[in-house]
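The next block holds one structure in the form of structure tokens; read it before the comments.
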Amino acid sequence: MKYLGDTLPTLSVRNIVKAYPNGEGGKTRVLDGISFEVKDGEFLGLLGPSGCGKTTLLKIIAGLLEPDEGEVAIDGVPVGPGHNRVGFIFQQESLFPWRSVRENIEYGLEITGSDLSKRHALSDEIIGIVGMEGLEDHLPHEISGGQARRTEMARSLIIKPDILLADEALSNLDLQTRNHLQGEFLRITEETGSTVLFVSHNVDEAVFMSDRILVMSNIPSRIIAEYVVDLPRPRNRTSPESLEYRARILEVLRVEQEKAMSRQTRQKPPVAT
Amino acid sequence: MTSAAQTSKDSNQARNDQFSYTKISESRIIRWLLAGIILVLLWVIIAFFSRSTILEVVDAFIRLSTEGDSSGFLLIDHVAQSVFIVTLGFCVAAITAIPIGIAIGRYRVVDSILGPVVEAMRPIPPIAWIPLSLLIFASLLYSQIFIIWVGAFFPILINTTTGVKRTEPVHVDVAKTFGASESKILGSVVIPSAAPEVFAGMRIGFGIGWMCLVAAEMIGSNKGLGYLIWTMQQVGWTGAVISSMLVIGLIGFVVSFFLLLIERRLLRWRQGVSV
């Protein structure tokens, strides 16, 4: 069952710059020229230290924030504020507490004005895929954290977005639930044929899930490393190959951290690996 | 989630419920008894100072209900008059306060303009508006509606504003990622999310509006419960004064109880979120 055709658009992020007022009259540059692309059907992991502007970047891609410079294009066409071509799974729980699971999932279709029968047919299908059958009429406070994440995935995917953005989507879960949902997340995005941009600060998670991983520096942040994770699926978290990727990425992050700690001189150009 | 764990959790839950149930029901009886004793004591004090008896109050109630007052209005006429006016005034207050409250809560510009206006007007007690409203409005009806509006407007407005300001930014962001327009964001996110506060504001607003009406009727009116109480005091019929007071209290209680019931029913989702 494929939600998306084979001619999936590519997301391209070109030279995004964003600065915030720093409270002393000046501005802090958060994103310092971020550029990358996500290929059709790809699962791209984006790793970076806390506070490096990952959420800001995702919000710019989703059209929730405007960049100071640069451009976001989906399928080659630039998009701006108010576009609805991405699905977004937010870091914090974001289900509407006054809507049942099914009403939450159908929300996007209500906004676009689909009729009731079409809404039900699509929500039945996606509820089956994410495994929330039997819980459709529950309210968000009656389901678990993991079930809430499944519901949010369904809500994002029901509108068949060009790309699914996930912002630390599994961070607030306990380890067992998290590991289980990583597998489920992969299964669901595969079954729906989704293109995914998955932001994380967890190296293990990124290596387990991604086709390709980008590493961001501390602010002002840039992309400092790229890895193609060329491992067969389903992956083993503790295989020597997985551990090798982890070690390499952790080393890049460690060096980056040291640089941040001893940053007194001007920015050096980032090291590409 | 294993079913065994689930079952043992459920049975624990049941045991806890049973335990707390007996505990609560015991203490409930004691609390009701205490409340009853205090009420009786209060009555004894009131009866002593007003030199009236329960019989007198009941007798006044029956006579007001069947024979009416000196102008021939029955108790039910007074009740109907007061309830009619308070409903009108309350509806006007809700219709004006909710949209303005949403605008103040959602748009910073509106807040910076109207916020100070609200803060300047709010400290004036609604009852202090009664003389001015009698001067402004030629019709008694309009002046009474105005007084109720002043009383009910601010609680509804303030609660709506608070509720709207408490809207989770992430919920608004969710709506935006689906391309929702501002009007859809208002309708599908802001208003449902603020609904509990709005309802609470309406409940408080009704209570204050009811108090204001009774006061307004005492000062300039020829019908209604406030008027009835006032004239009964003028003729020195203590039993009638007390029985009218009880009717006013009872109506206020019943209405706010029903509003609370509706609120609980509509806002089932809130129970798991906050108190």
Side-chain angles (χ1 to χ4, degrees), chain A residues 55 58-59 61-65 79-101 103-114 135 137-144 146-148 151-152 155-156 158-161 163-165 167 176-177 180, chain B residues 1-7 9-10 13 17 102 105-106 108 159-160 162-200 262-275:
Chain A
T55 300
L58 283 194
K59 285 192 169 174
I61 294 171
L64 298 173
L65 280 177
V79 291
H83 78 84
N84 61 348
R85 305 198 44 191
V86 303
F88 203 131
I89 300 177
F90 292 86
Q91 185 167 8
Q92 68 269 50
E93 213 167 277
S94 67
L95 292 176
F96 300 120
W98 55 88
R99 285 172 167 253
S100 69
V101 165
E103 287 164 348
N104 263 288
I105 290 171
E106 290 178 357
Y107 180 76
L109 297 175
E110 276 176 47
I111 294 298
T112 53
S114 308
L135 296 166
D137 297 326
H138 282 55
L139 286 168
H141 75 260
E142 297 165 327
I143 61 177
S144 71
Q147 289 164 341
T151 308
E152 285 166 8
R155 181 175 66 180
S156 304
I158 198 169
I159 58 156
K160 302 169 184 168
I163 183 165
L164 179 64
L165 311 176
D167 185 10
Q176 275 91 338
T177 313
H180 177 65
Chain B
M1 203 181 303
T2 66
S3 68
Q6 190 65 39
T7 327
K9 199 181 148 206
D10 284 347
Q13 189 74 40
D17 284 349
I102 291 171
R106 176 112 181 109
R108 206 164 292 171
N159 269 50
T160 306
T162 315
V164 168
K165 280 186 178 164
R166 272 199 209 154
T167 308
E168 292 279 349
V170 72
H171 289 150
V172 175
D173 278 349
V174 168
K176 283 184 181 165
T177 59
F178 290 113
S181 60
E182 177 64 17
S183 64
K184 283 200 171 145
I185 291 174
L186 281 178
S188 69
V189 179
V190 174
I191 292 173
S193 147
E197 273 91 358
V198 177
F199 260 93
I262 297 171
E263 196 177 324
R264 291 234 173 107
R265 176 64 58 88
L266 281 177
L267 307 169
R268 186 169 69 99
W269 61 269
R270 196 58 182 259
Q271 285 165 13
V273 183
S274 80
V275 190

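Everything quoted here is computed from the prediction, not taken from an experiment. Chain identifiers are assigned alphabetically (A, B, ...) following the order of the sequence lines, protein sequences preceding nucleic acid strands; residue numbering begins at 1 within each chain.
Of the possible donor and acceptor atoms, one in the side chain of B:His171 sits under 3.5 Å from a partner among the backbone N and O of A:Leu95.
Atoms CD1 and OG1, from A:Ile61 and B:Thr177 in turn, are 13.5 Å apart once rounded to the nearest 0.5 Å. Taken to the nearest 0.5 Å, the OG atom of B:Ser188 stands 12.0 Å off from the CD atom of A:Glu103.
Across all their heavy atoms, B:Ala175 and A:Tyr107 have their closest contact at CB-OH, 3.2 Å. Of all heavy-atom pairs spanning A:Ser94 and B:Val170, the tightest one is CB-CG2, 3.7 Å.
In terms of heavy-atom pairs under 4.5 Å with chain B, the best-connected choice from A:Glu152, A:Glu142, A:Arg155, A:Lys59 is A:Arg155. For the options B:Ala180, B:Ala195, B:Pro192, heavy-atom pairs under 4.5 Å to chain A are most numerous at B:Pro192.
Both the backbone and the side chain of B:Ser193 have a heavy atom closer than 4.5 Å to some heavy atom of chain A. Heavy atoms closer than 4.5 Å to chain B are found in both the backbone and the side chain of A:Ile111.
Between B:Val189 and A:Phe96 there is a side-chain heavy-atom pair separated by less than 4.5 Å. Counting heavy atoms from C-beta outward, A:Phe90 and B:Asp173 have side chains that approach closer than 4.5 Å.
Residues passing the side-chain hydrogen bond (donor to acceptor under 3.5 Å, both in side chains) test with A:Thr177, sequence neighbours excluded: A:Asp174.
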